[in-house]
Amino acid sequence: MKCTRFTIEDLKNEEWFQFFTEFKELIEQYGASALDIDALFATFLALYANADEALEIIRKSPITEQLAEADNQRDGIFRGFADAVKSALNHFNPAKREAAKRLQITFDHYGNIARKPYDEETASIHNFIQDMNGANAAEIDILGLGDWVAQLNADNKVFAALMKSRDTEGAGKTELRMKDVRTETDRCYRDILDRFDALIIVNGKEKYAPFVKELGVLVNRYNNKIAQRKGRAAKSKKEDGQS
């Protein structure tokens, strides 16, 4: 018998913290002393408290709501821009139809940027704008879509500035960084699992089996969440490629 494992890094911040909340409660239910993990669990609790603090800053930041609004704004502009190009594919003017076809190649290359995570979307839009103002500048001029390019660029800069402000705000409140906290907590979690695996070899499975089985159920539930999200993402990517 061994502890069930999964790629915990694939969990989003909120669900990651919820997983560890349930993991903590499970250990408390059986008792850290009874499970022979007193020292490791004490370390875990300190890291869990850090994670709670780091996540609370993200939750409470007023900039978080502004980021969501700014993201919706740039998403709307990108989709409107894409629709304008698709419409031009049917233009009565052959030159404009050809220009739209060339632009569509670039759109297809980037895919649905609006569905990407915040940082990825910001970088993708930046690169996309570079192409619009560079390799595709002639097509943009032919179709008169320069205002879409300018607006998308402006909205992306607003979003990037807000993201930087949130990072600065967080830095002023705590030195904790969610990414660093997650790495340390994940390492401690794996140390706990390694200890259980070793204890089972040394002491036998009877003492630890109930806990390990319940932990397996918990891990499988969250692993299924990851699998379902990846499945939806793959389906969406496939649909974007076919559209």
Side-chain angles (χ1 to χ4, degrees), residues 9-16 58-59 61-169 178-179 225-243:
E9 291 85 357
D10 286 341
L11 291 174
K12 294 182 178 180
N13 284 338
E14 291 283 357
E15 59 189 4
W16 174 88
I58 295 175
R59 290 189 188 119
S61 172
I63 298 176
T64 299
E65 185 175 345
Q66 296 175 37
L67 276 171
E69 293 175 356
D71 184 52
N72 288 335
Q73 169 67 18
R74 66 179 181 175
D75 288 351
I77 295 301
F78 177 79
R79 293 190 181 102
F81 189 4
D83 288 343
V85 172
K86 286 182 179 179
S87 177
L89 290 170
N90 299 313
H91 203 283
F92 63 85
N93 185 320
K96 292 193 175 185
R97 283 201 305 273
E98 289 304 313
K101 287 179 183 178
R102 290 192 292 273
L103 278 179
Q104 190 61 52
I105 292 173
T106 303
F107 270 88
D108 290 342
H109 170 72
Y110 282 92
N112 191 344
I113 293 175
R115 290 185 177 178
K116 293 184 177 182
Y118 280 175
D119 289 336
E120 287 184 36
E121 181 175 351
T122 301
S124 292
I125 291 177
H126 174 77
N127 293 334
F128 177 79
I129 294 297
Q130 295 290 97
D131 285 344
M132 292 297 105
N133 288 328
N136 292 124
E139 287 77 23
I140 293 296
D141 186 56
I142 290 171
L143 293 172
L145 297 176
D147 53 344
W148 284 100
V149 177
Q151 188 62 50
L152 181 60
N153 188 36
D155 289 342
N156 198 48
K157 287 182 177 179
V158 167
F159 182 90
L162 282 170
M163 183 65 81
K164 185 176 180 180
S165 294
R166 189 174 74 171
D167 290 344
T168 302
E169 178 189 61
M178 197 64 192
K179 182 179 179 181
K225 287 186 178 183
I226 294 171
Q228 290 168 4
R229 181 162 59 246
K230 287 184 176 180
R232 289 192 297 269
K235 181 180 178 182
S236 174
K237 185 176 181 180
K238 183 177 179 181
E239 290 173 349
D240 288 342
Q242 293 174 344
S243 62

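For the single chain, residues carry numbers from 1 onward in sequence order. Both backbone and side-chain heavy atoms feed into the values below; hydrogens, waters and symmetry mates do not.
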**Q.** Q104 versus K86, closest heavy-atom pair with distance
**A.** OE1-CG, 3.7 Å
(Q) Before you tell me yes or no, could you show the steps for Q73 and I77 under side chain to side chain contact (heavy atoms under 4.5 Å, CB included), namely the whole-Å CA-CA distance, both residues' side-chain angles and the distance that decides it to 0.1 Å? (A) CA-CA 6 Å; Q73 169 67 18; I77 295 301; 3.8 Å; yes
(Q) Using modelled atom types and a 3.5 Å cut-off, is there a donor and acceptor pairing between side-chain atoms of N72 and backbone atoms of A68? (A) yes
(Q) Once rounded to the nearest 0.5 Å, what's the spacing between atom CG of D75 and atom CD of E121? (A) 4.5 Å
Q. Please walk me through it: do Y110 and I125 pass side chain to side chain contact (heavy atoms under 4.5 Å, CB included)?
A. CA-CA 9 Å; Y110 282 92; I125 291 177; over 6 Å; no
Q: Report, as yes or no, whether the 6.0 Å neighbourhood of atom NZ on K116 holds more than 12 heavy atoms from other residues, nucleotides or ligands.
A: yes
Q: Answer yes or no: is there a side-chain heavy-atom contact under 4.5 Å between L143 and L103?
A: yes
**Q.** Heavy-atom check, side chain of R74 versus side chain of I113, under 4.5 Å
**A.** no
Q: Show the numbers, then the answer: is there a side chain to side chain contact (heavy atoms under 4.5 Å, CB included) between L152 and F128?
A: CA-CA 10 Å; L152 181 60; F128 177 79; 3.8 Å; yes
Q) How close do I142 and R102 get, heavy atom to heavy atom, and via which atoms? A) CD1-NH2, 4.3 Å
Q: Find the distance between CG (N13) and NZ (K179) and round it off to the nearest 0.5 Å.
A: 12.0 Å
Q: Report the C-alpha separation of T122 and M163 in whole Å, then their side-chain angles, then the decisive distance to 0.1 Å, and conclude whether the side chain to side chain contact (heavy atoms under 4.5 Å, CB included) test is met.
A: CA-CA 10 Å; T122 301; M163 183 65 81; over 6 Å; no
Q) Do the ring planes of F107 and F78 sit parallel (below 30°), tilted (30 to 60°) or perpendicular (above 60°)? A) tilted
**Q.** Partner residues of K12 under the side-chain hydrogen bond (donor to acceptor under 3.5 Å, both in side chains) criterion, sequence neighbours left out
**A.** none
Q | Sidechain-backbone polar pair: R97 side chain, F92 backbone, donor-acceptor under 3.5 Å | A | yes
**Q.** Considering all heavy atoms, the nearest I129-V149 contact
**A.** CD1-O, 3.6 Å
Q. With sequence neighbours excluded, what pairs up with D10 under the side-chain hydrogen bond (donor to acceptor under 3.5 Å, both in side chains) test?
A. K230
Q | Flag side-chain contact, heavy atom, 4.5 Å: I140 against W148 | A | no
Q) What are the two closest non-hydrogen atoms of E139 and A99, and how far apart are they? A) CG-O, 3.5 Å
(Q) Are the side chains of D155 and Q151 in contact, using a 4.5 Å heavy-atom criterion? (A) yes
Q) So, for R79 and A114, which heavy atoms are closest and what is the spacing to 0.1 Å? A) NH2-CB, 3.6 Å
Q. So, do L145 and M132 sit near enough that their side-chain heavy atoms are less than 4.5 Å apart?
A. no
Q | Exercise: identify the closest heavy-atom pair between L162 and A70 | A | CD1-CB, 3.7 Å
Q) How would you list, by chain and number, every residue that makes a salt bridge (charged side-chain N to carboxylate O under 4.0 Å, His left out) with D131, sequence neighbours excluded? A) none
